[in-house]
Every structure is written in C-alpha cells, then in structure tokens.
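Everything below concerns the one structure shown next.
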Amino acid sequence: MQAWQVHELGEPGEVMRLAHVERPTPGEGQVLLRVRAANINFPDALMCRGQYQVRPPLPFTPGVEICGETEDGRRVIANPALPHGGFAEYAVADAAALLPAPGALDDAEAAALHIGYQTGWFALHRRARLEAGETLLVHAAAGGVGSAAVQLGKAAGATVIGVAGGADKAAVARELGCDVVIDRREQDVVAAVKEATGGRGADVVFDPVGGEAYTQSAKTVAFEGRIVVVGFAGGAIPSPALNHALIKNYAILGLHWGLYNTKNPKLVQHCHEQLTELAARGAIKPLVSERVPLAGAADAVQRVADGATTGRVAVVPAAGNGAAA
C-alpha cells in the first residue's frame, strides 16, 4: 500500500515521504481499516517537527483522525494507533474506540467531526458550562477547531463573536454563523469585543491560539467569565497573571481532550452521540475547505502548519472516496 512516512523530524513538507510499504498488522484488540478520508490536524505538523507530546518512533505515518471502513463494510471514525497513522491507504485502530460515522456526513466531513468537535464540545459544555444567551468569543474562528466551536456555540444558543486573520478568513467566519466577526489584522480586538458587548466582555472565551490572543482574552473576559485554553497554535505559551484573574473574577480552564479517552471514555461516547444528533438535524457540519488526494498530503499538512487554510483539509486516498456510503 501507499503511505506517507516521516524518517527524520522537520517541516512536514520536507520530511514526509510517500512510499510503498506493507499493510500494518493489527495488534491485540486492534482492527485494520481502509482509510476513506483522513483529516489534517495541527498536531500532525507538530509530530513531524517532534514538538508534540506524543512522539511515535521513526519512521511513522502521521494522521491522527480518519473515517475508515472495517472489513465488514462499516463506516467508522477512528484515531489511528501510531506509528500507523491515517495518511495511508490502510491504518490500524483500537477496536474498542471505534465510533460510528454519522450518516448525515460524507467521509471527509465524518473524518473532521471527531477531534475538533469533541474538543469544542468538552471546552464549551464540560469545562466552561456555556449557557444559552451567553456571549462566546472564539479565536481563530475560521480554523479547524475554531470553526467547530463557532457552530457548537450557535447550537447552544450563544451569541458568538469570531476573531479571524484577514478578509478571507473573516468571510468564512461569517458564513459559519458568527454574530460578530473581528478581523484582527484590521481591527483592535479588545476594543471591538467591548463595543460588541456594551463594555461587558465575553462570558466564555475559546482560545486555541495562545500568545497575543490570550492577552486579548484576559482583557475581554466578562465578570465571572471563563477562558478555556485549548492550545497554542500561535507558538507562544502565555504566563497568566493570576492577580488579574483574581481582580476581574474570572476562571482560567485548561482542556486536554485526549485525556478523556483514558480518564473517562464514556464521556467521549456521550459526546459523540450528542454530535451525531446535532449533525443529523443540520446544527453542525464540518467545514471541509479542501479534499486532496493522497499524493497531496505533505503539501496540505504544511499549509495547515503555516496557518494558510480555513476549516478542515481532508486527505482522500482513493478517487470518489469522499462521499457517504
């Protein structure tokens, strides 16, 4: 089969190599899956660079999220068991962790439903306890994780303010349903949020960026607001001023979604049921901006790493493999 492999660490576009390799052999409790679509996540790029908390042995195949097909023909969503990741024609995954792919979504959309939407759901509902009528501020609103948070926030009845970088991404944020869109390249984010909220600020802030975005979050969070720290796509890890959190009476919450898979896997299943229901009634639908063939995976991962994409980019190994069965 064909699979992308990383033999040395570095930029994805430089170190990912397409090769003919043997199909992976499932271990105990694992299954072999034909990859119908693989969604590109920022951690894929971090893994190529050796900067992610998970460091698979070299050589490895990146790709942490797929829609696959079992030997008996079931469409499932899975996180492949590294080092046999999803940017290949076949991958392996833990049988106990397979989730049914929602019939309302095609393969590429289903592949994009899991990590980003689970992250958004746990951040907004499990950690921040977002309530209908509250104001949600989403950084990187046109990105893969941000776009999920926007849709989930709207589905929960919140007023959503989206921050995006550039006119094109701002347009995507509007299409996703943001009530207010702030172009951080053209506007003062803090002033714009305060204007949009009558000076009150946002009840919940979803921050997958860090750095300057976190500084803006602390300045715009409302009394008794909650900032959920989801990641550091901007590269800089902030050091929160706890005296500021005390004076303004807000909470700083961390979210490491992957821990739930071992700490409380039943919650992951419950979340998937909620997401499937939302997808069935059209309340959420992953924004798949591109579907690229397997040969284009390395370039696509690099563009995601560079922040040059919107929504999700899906790798579709076989022609015509992007539609639902």
Side-chain angles (χ1 to χ4, degrees), residues 1-5 16 18-41 43-44 56 60-118 144 148 258 261 265 268-269 271-273 275-280 284-298 300-301 311-325:
M1 69 166 191
Q2 283 194 311
W4 286 91
Q5 292 200 313
M16 287 178 61
L18 189 59
H20 286 277
V21 299
E22 294 294 322
R23 287 185 188 179
T25 301
E28 185 176 352
Q30 294 181 331
V31 292
L32 181 69
L33 298 173
R34 181 172 71 85
V35 179
R36 296 177 67 102
N39 177 49
I40 298 175
N41 286 269
D44 293 317
F60 68 89
T61 296
V64 296
E65 181 178 40
I66 68 169
C67 175
E69 184 177 326
T70 63
E71 291 184 344
D72 60 4
R74 290 180 296 129
R75 288 173 71 234
V76 296
I77 293 172
N79 298 128
L82 298 173
H84 303 295
F87 301 147
E89 293 179 305
Y90 288 85
V92 294
D94 293 333
L98 299 181
L99 297 169
L105 304 178
D106 70 23
D107 292 339
E109 292 164 345
L113 182 73
H114 193 42
I115 296 175
Y117 280 84
Q118 289 255 347
N261 287 296
V268 175
Q269 178 64 45
C271 176
H272 184 67
E273 292 168 0
L275 295 176
T276 299
E277 181 182 339
L278 288 169
I284 61 172
K285 186 180 179 69
L287 172 63
V288 180
S289 57
E290 295 179 64
R291 291 167 168 81
V292 301
L294 187 59
V301 174
R312 290 299 194 186
V313 179
V315 177
V316 183
N321 203 21

> V92 and T25: which non-hydrogen atoms are nearest, and at how many Å?
Replying inline: CG1-C, 4.3 Å
>> Please find the pair of heavy atoms, one from E65 and one from N41, that lie closest to each other, and give the distance.
In response: OE1-ND2, 2.9 Å
> How long is the span from the CG atom in L294 to the CE atom in M1, to the nearest 0.5 Å?
Replying inline: 9.5 Å
> Any side-chain heavy atom of Q269 sitting closer than 4.5 Å to one from L99?
Replying inline: yes
> How many angstroms lie between atom CD1 of I77 and atom CG of L98, to the nearest 0.5 angstrom?
Replying inline: 10.5 Å
>> Assess the residue pair R291 and D106 against the criterion (side chain to side chain contact (heavy atoms under 4.5 Å, CB included)); give the C-alpha distance rounded to whole Å, side-chain angles, the decisive distance to 0.1 Å, and a yes or no.
In response: CA-CA 12 Å; R291 291 167 168 81; D106 70 23; 2.7 Å; yes
>> Distance check, rounded to the nearest 0.5 Å: L18 atom CG versus T61 atom OG1?
In response: 9.5 Å
> How about T70 and V76: do any of their side-chain heavy atoms sit closer than 4.5 Å?
Replying inline: yes
>> Walk me through whether R74 and E69 qualify under side chain to side chain contact (heavy atoms under 4.5 Å, CB included).
In response: CA-CA 5 Å; R74 290 180 296 129; E69 184 177 326; over 6 Å; no
>> If you define the side chain from C-beta out and look only at heavy atoms, does anything of E89 sit under 4.5 Å from R34?
In response: no
>> So which atom in A112 and which in P286 form the shortest heavy-atom distance, rounded to 0.1 Å?
In response: CB-CB, 3.9 Å
> At their closest point, which heavy atom of A300 faces which heavy atom of V292, and how far apart are they?
Replying inline: CB-CG2, 4.1 Å
>> With heavy-atom distances below 4.5 Å as the criterion, would you say the side chains of D44 and F87 are in contact?
In response: yes
> Does R75 reach the side chain of C67, with side-chain heavy atoms less than 4.5 Å apart?
Replying inline: yes
>> Nearest 0.5 Å, please: how far is NZ in K285 from CG in L105?
In response: 6.0 Å
>> The test is side chain to side chain contact (heavy atoms under 4.5 Å, CB included); show your working for D107 and V316 and say whether it passes.
In response: CA-CA 9 Å; D107 292 339; V316 183; over 6 Å; no
>> To the closest 0.5 Å, what do you measure between NE2 (H272) and CD (E277)?
In response: 12.0 Å
> Can you tell me how far the NE2 atom of H84 sits from the CZ atom of R23, to the nearest 0.5 Å?
Replying inline: 14.0 Å
>> Tell me the closest heavy-atom pair linking A88 and A3, and the distance in Å.
In response: CB-CB, 3.4 Å
>> Quick check: closest heavy atoms across Q30 and A81, and the distance to 0.1 Å?
In response: NE2-CB, 3.4 Å
> Is the shortest heavy-atom distance from the side chain of L113 to the side chain of I284 under 4.5 Å?
Replying inline: yes
> Tell me, do V268 and H114 make a side-chain contact under 4.5 Å, heavy atoms counted?
Replying inline: yes
